[in-house]
Peer 1: 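Can you read through this structure? Questions will come right after.
FYI, the numbering just counts along the sequence from 1.
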Amino acid sequence: MFKQITFALLAIIASSVTAAKADDANKHGESKITSSVVKSGQFEGRNRHVTTGGVSIVQTASGYVAILESNFSLDGAPAPTLGFGNNRFDKETEFTKLESKNGLQVYAIPDHIDPSDYSKFYVWCADFNVALGVSSLK
């Protein structure tokens, strides 16, 4: 899975760096943007939903991003969101709504969430408070 991240994907990640953080890096003489996959996994559907594809958690110069890979697919649900958990979904980690039910997507993970604290990544239904898909992160 690590090999699936292409230069094009890295360009997408690099473009997610905010202007403010880029300016800050330039003030300190940093011009190189680096990134590395810290965790990844494959989704399994939950609660009679079909959720497939991969997710990678990548650390960039500006923080962590979650990448739903090009093979990502969700059969549909109202109000799907993303977040982390261990034995169950941790509501405190719910950080964004899912923008598309299919395909490659990149989401910035807020600074207050440390992905290393969690073993699972969730596609969550906020309206019904149930998991739509879960990926065990390794």
Side-chain angles (χ1 to χ4, degrees):
M1 178 178 304
F2 295 106
K3 294 179 183 177
Q4 294 175 345
I5 297 181
T6 64
F7 289 112
L9 183 55
L10 290 175
I12 292 169
I13 295 167
S15 70
S16 71
V17 177
T18 63
K21 289 189 179 186
D23 286 344
D24 186 51
N26 288 336
K27 288 177 188 173
H28 293 92
E30 301 169 22
S31 61
K32 182 179 171 186
I33 296 175
T34 60
S35 62
S36 62
V37 176
V38 294
K39 292 186 175 195
S40 62
Q42 294 293 311
F43 282 104
E44 296 177 359
R46 293 291 191 271
N47 297 299
R48 293 183 274 179
H49 284 276
V50 178
T51 308
T52 60
V55 60
S56 294
I57 307 302
V58 177
Q59 186 171 21
T60 70
S62 63
Y64 291 101
V65 295
I67 301 171
L68 303 183
E69 296 173 4
S70 60
N71 63 351
F72 173 78
S73 179
L74 170 65
D75 62 350
T81 62
L82 302 175
F84 291 88
N86 287 309
N87 294 326
R88 63 181 182 265
F89 182 70
D90 181 346
K91 184 75 171 157
E92 298 295 317
T93 70
E94 187 173 26
F95 65 95
T96 191
K97 68 178 186 169
L98 184 68
E99 294 295 327
S100 175
K101 294 185 296 182
N102 298 294
L104 179 66
Q105 300 168 63
V106 179
Y107 297 93
I109 298 171
D111 291 339
H112 73 276
I113 299 172
D114 183 352
S116 66
D117 291 340
Y118 302 98
S119 61
K120 297 185 188 306
F121 189 80
Y122 286 81
V123 177
W124 185 255
C125 179
D127 283 358
F128 291 96
N129 208 33
V130 297
L132 303 171
V134 178
S135 175
S136 292
L137 298 172
K138 297 180 178 100

Peer 1: Can you find a pair of side-chain heavy atoms, one from Asp117 and one from Thr93, that are under 4.5 Å apart?
Peer 2: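 Sidechains of Thr93 and Asp117: no contact.
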Peer 1: Are Tyr107 and Glu99 close enough that some pair of their side-chain heavy atoms sits under 4.5 Å apart?
Peer 2: yes
Peer 1: To the closest 0.5 Å, what do you measure between CD (Glu69) and CD (Gln42)?
Peer 2: 6.5 Å
Peer 1: Indicate the atoms forming the closest heavy-atom contact of Ser62 with Asp111, along with that distance.
Peer 2: O-OD1, 4.5 Å
Peer 1: Test Trp124 against every option in Leu132, Leu82, Asn129 by the side chain to side chain contact (heavy atoms under 4.5 Å, CB included) rule and name the one that passes.
Peer 2: Asn129
Peer 1: Could you tell me which non-hydrogen atom of Ser100 sits nearest to which non-hydrogen atom of Phe72, and how far apart they are?
Peer 2: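 Of all heavy-atom pairs spanning Ser100 and Phe72, the closest is O-CE2, 3.9 Å.
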Peer 1: Which heavy atom of Gly53 sits nearest to which heavy atom of Asn71, and what is that distance?
Peer 2: CA-OD1, 3.4 Å
Peer 1: Under 4.5 Å between any side-chain heavy atoms of Ser73 and Phe43, yes or no?
Peer 2: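 SC-SC contact between Ser73 and Phe43 ruled out.
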Peer 1: Check for a donor-acceptor pair, side chain of Asn86 on one end and backbone N or O of Ser119 on the other, with a separation under 3.5 Å.
Peer 2: yes
Peer 1: Between Asp90 and Tyr122, is there a side-chain heavy-atom distance shorter than 4.5 Å?
Peer 2: no
Peer 1: Near Glu44 CD, under 6.0 Å, is it more than 12 heavy atoms from other residues, nucleotides or ligands?
Peer 2: no
Peer 1: Are more than 12 heavy atoms, taken from residues, nucleotides or ligands other than Asn87, located less than 6.0 Å from that residue's CG atom?
Peer 2: no
Peer 1: Is the ring pair Phe95/Phe84 parallel, tilted or perpendicular, if the boundaries are 30 and 60 degrees?
Peer 2: parallel
Peer 1: Please tell me if the side chains of Phe89 and Val134 come closer than 4.5 Å, counting only heavy atoms from C-beta onward.
Peer 2: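 No, side chains not in contact.
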Peer 1: Looking at Thr60 and Ser35, what are the two nearest heavy atoms and their distance?
Peer 2: CG2-CB, 4.0 Å
Peer 1: Quick one: pull up OG in Ser40 and CG in Leu137 and give me the separation to the nearest 0.5 Å.
Peer 2: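 Between atom OG of Ser40 and atom CG of Leu137 there are 7.5 Å.
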